[in-house]
S.K.: 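I have a structure I would like to understand better, so I am pasting it below and will then ask my questions one at a time.
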There are 2 protein chains.
Amino acid sequence: MTTENTIGIVAGVLTGMAALPQLVKVIRERDGRQLSPAMLLVLVSGLSCWVAYGVLREDWPVIITNAFSAFINTSILILRQVYLKK
Amino acid sequence: MTTENTIGIVAGVLTGMAALPQLVKVIRERDGRQLSPAMLLVLVSGLSCWVAYGVLREDWPVIITNAFSAFINTSILILRQVYLKK
């Protein structure tokens, strides 16, 4: 494992962790109205572009961590819409 | 400009944009109590690691966009603490 990869993985774990409390909050309160769906869409689009960028550069830390964040934020967006209808 | 760089810059602009409404909201309401300072610190640490990672890989889109996001989130954290004391 190179220093480069180690820093990339630490970076990804930290920025990935920062998104989790929001998901937990939405699930616990069964409510995500305070979140802007437009901004979540912008964020998920951006994270998806990072995954594509990582694939082009064969950069694994970038691929894995952005795919994880995209998954978390897509879940938040879907749950927000599901809870809205109840 | 390579396709790779274009995708990286689009990715960075989108994920950078997604952080701005939070900064605007904290400034407008002069209140950031709803945000977790611990999570903002984790996020800024992660973004700083991404900048270091970008420097090691000489990856400009990663450096510029994560430095921008780190700046926005550091501003949110500082403003949160400043407004708290008022």
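In the text below, chain A, chain B and the rest are named by the order of the sequence lines, each starting its count at 1. Keep in mind that the numbers below use all heavy atoms, side chains included, and drop hydrogens, waters and symmetry copies.
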S.K.: Sort by residue number and list every residue of residues 25-45 of chain B having at least one heavy atom under 4.5 Å from chain A.
M.R.: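 Only B:Met39, B:Val42, B:Leu43, B:Ser45 of residues 25-45 of chain B have a heavy atom under 4.5 Å from chain A.
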S.K.: Rounded to the nearest 0.5 Å, how far does CD1 of B:Ile76 lie from CZ of B:Arg80?
M.R.: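 Reported to 0.5 Å precision, the distance equals 11.5 Å.
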S.K.: When rounded to the nearest 0.5 angstrom, what is the spacing between OG1 in A:Thr15 and CZ in A:Phe68?
M.R.: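 A:Thr15 atom OG1 to A:Phe68 atom CZ measures 9.5 Å (nearest 0.5 Å).
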S.K.: Measure the spacing between OG1 of A:Thr6 and CG of B:Leu56 and express it to the nearest 0.5 Å.
M.R.: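 A:Thr6 atom OG1 to B:Leu56 atom CG measures 10.0 Å (nearest 0.5 Å).
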S.K.: To the nearest 0.5 Å, what is the distance between CG (B:Asp59) and CZ (A:Arg57)?
M.R.: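 The CZ atom of A:Arg57 is 3.5 Å from CG of B:Asp59, to the nearest 0.5 Å.
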S.K.: Please determine, among A:Ala11, A:Cys49, A:Pro61, A:Gly46, the option with the most heavy-atom pairs under 4.5 Å with chain B.
M.R.: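 Highest number of heavy-atom pairs under 4.5 Å: A:Ala11.
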S.K.: Which of the residues B:Gly16, B:Ala52, B:Pro21 is involved in the greatest number of heavy-atom pairs with chain A at under 4.5 angstrom?
M.R.: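 If we count pairs closer than 4.5 Å to chain A, B:Pro21 comes out on top.
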S.K.: For A:Asn66, run the side-chain contact (heavy atoms from CB on, under 4.5 Å) check against A:Ile64, A:Val62, A:Ile63 and tell me which one passes.
M.R.: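 Among A:Ile64, A:Val62, A:Ile63, the one that satisfies the side-chain contact (heavy atoms from CB on, under 4.5 Å) with A:Asn66 is A:Val62.
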S.K.: Would you compute the distance between atom OH of B:Tyr53 and atom CD1 of A:Ile9 and round it to the nearest 0.5 angstrom?
M.R.: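 B:Tyr53 atom OH to A:Ile9 atom CD1 measures 8.0 Å (nearest 0.5 Å).
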S.K.: Check the hydrophobic clustering (I, L, V, M, F, W, Y; side-chain heavy atoms under 4.5 Å; chains of links allowed) and say if B:Phe71 and B:Val51 are grouped together.
M.R.: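 No, B:Phe71 does not connect to B:Val51 through the hydrophobic network.
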S.K.: For A:Val13, is it the side chain, the backbone, both, or neither that has a heavy atom closer than 4.5 Å to a heavy atom of chain B?
M.R.: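 Interface part for A:Val13: neither.
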S.K.: Nearest 0.5 Å, what's the OG1-CG distance between B:Thr74 and B:Leu79?
M.R.: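 One finds 11.0 Å between OG1 of B:Thr74 and CG of B:Leu79.
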S.K.: Which atoms of A:Thr65 are under 4.5 Å from chain B, going by heavy atoms: the side chain, the backbone, both sets, or neither?
M.R.: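 Just the side chain, heavy atoms under 4.5 Å.
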